[in-house]
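The structure appears below as structure tokens.
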Amino acid sequence: MPNTQKEREITKKGNPSHPRGAEGLQMLTRMNQSHVEVTNWGLSHLAIKHPKRLLDIGCGGGATLARLLDKYPKAQVLGVDASSLSVKTSKGYNKDSIYKGKISVLKASVEKLPFDDNQMDGIVTVESFYFWPNPVENLKEVFRVLKTGGQFLIIADIYDNGQLSKEALENIAEFQLHNPTKEQFFDYFQQAGFSYFTFHTKAETSWACVEGWKA
Ligand SMILES: C[S@@+](CC[C@H](N)C(=O)[O-])C[C@H]1O[C@@H](n2cnc3c(N)ncnc32)[C@H](O)[C@@H]1O
């Protein structure tokens with residue numbers, strides 16, 4: 001979330017739901033830095049052993065792709081994003097790993113992922129779920145490409161805990177964020193087919209990490 005008035009102006013012009021233009025690039029570059037802590041905390045819940053293929057949906061500026069490869073150097077890491085600018089920025093950020101064939105980035109929406117069924121050992125999405133157009137249908141699409149036994153994480157620096165700050169509520173209104181409660185997340189996961197899910201929070205923050213497994 002943008003913190004200062006200047007960041008908010010850049011974010012508004014850059015459009016976090018579909019980054020574009022010079023301000024979009026500035027915003028993605030800032031997010032690669034400002035999402036480090038929440039992303040590292042969220043990824044600490046990634047518990048799959050020896051994954052072959054991992055996917056980051058809404059990969060933005062590309063820092064999470066690099067972090068996934070650091071954590072699992074033997075895995076193939078894939079990123080998708082609906083914004084051409086995000087795809088280009090993620091590719092630039094990870095150019096060496098792309099050259100080595102360890103990371104690939106594709107332009108695609110979560111609505112129609114360009115993968116066959118049962119392909120990914122792990123799927124993550126960081127600060128992107130707020131913008132997904134149809135949460136239950138989009139989670140069904142995530143579930144489709146996840147392998148049986150695979151793990152999915154939604155990582156977000158806010159969720160509706162009934163105690164969000166005025167600034168957070170302003171950001172939700174300004175950027176039209178979809179911001180479910182814990183109970184709504186569970187309902188979505190259940191409707192999408194996940195048979196095991198759990199909800200992680202971190203004391204003194206509004207962070208959420210929603211974890212689902214495909215049985
Ligand atoms: C706030 S940015 C977060 C980027 C990155 N994950 C991070 O943590 O810095 C949200 C990203 O989600 C992407 N996004 C929004 N809707 C999407 C959709 N339907 N399918 C795929 N990506 C989407 C946006 O294009 C944008 O790059």
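Worth knowing before you read on, the calculation uses all heavy atoms, side chains too, and leaves out hydrogens, waters and symmetry mates. Counting starts at 1 for both ligands and their atoms, following the listed order.
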Hey, is the main chain of G61 close enough, under 3.5 Å, to the side chain of N32 for a donor-acceptor pair?
-> yes
Residue S83 vicinity, atoms of ligand 1 by number, heavy atom under 4.0 Å = 25 (O)
Taking only heavy atoms of P19 into account, list the atoms of ligand 1 that are under 4.0 Å away from them.
-> 24 (C), 25 (O), 26 (C), 27 (O)
Looking at ligand 1, does A108 have a heavy atom less than 4.0 Å from it?
-> yes
Any N or O of E111 closer than 3.5 Å to N or O of ligand 1 | no
List the steps, then state whether side chain to side chain contact (heavy atoms under 4.5 Å, CB included) holds for L153 with L46.
-> CA-CA 8 Å; L153 296 179; L46 204 52; 3.8 Å; yes
Taking both backbone and side-chain atoms of S109, is any N or O found less than 3.5 Å from an N or O belonging to ligand 1?
-> yes
Check: P16 N/O within less than 3.5 Å of ligand 1 N/O = no
Sub-3.5 Å N/O-N/O distance, N32 and ligand 1 = no
Does any N or O atom in G61 lie less than 3.5 angstrom from one in ligand 1, N or O only?
-> no
Pairwise ring pair (Phe, Tyr, Trp, His ring centres under 6.0 Å) hits with a residue in residues 54-99, at least two apart = none
So the atoms of ligand 1 within less than 4.0 Å of a heavy atom of P133 turn out to be 19 (N)
Side-chain contact, heavy-atom cut-off 4.5 Å: Y159 with L164?
-> no
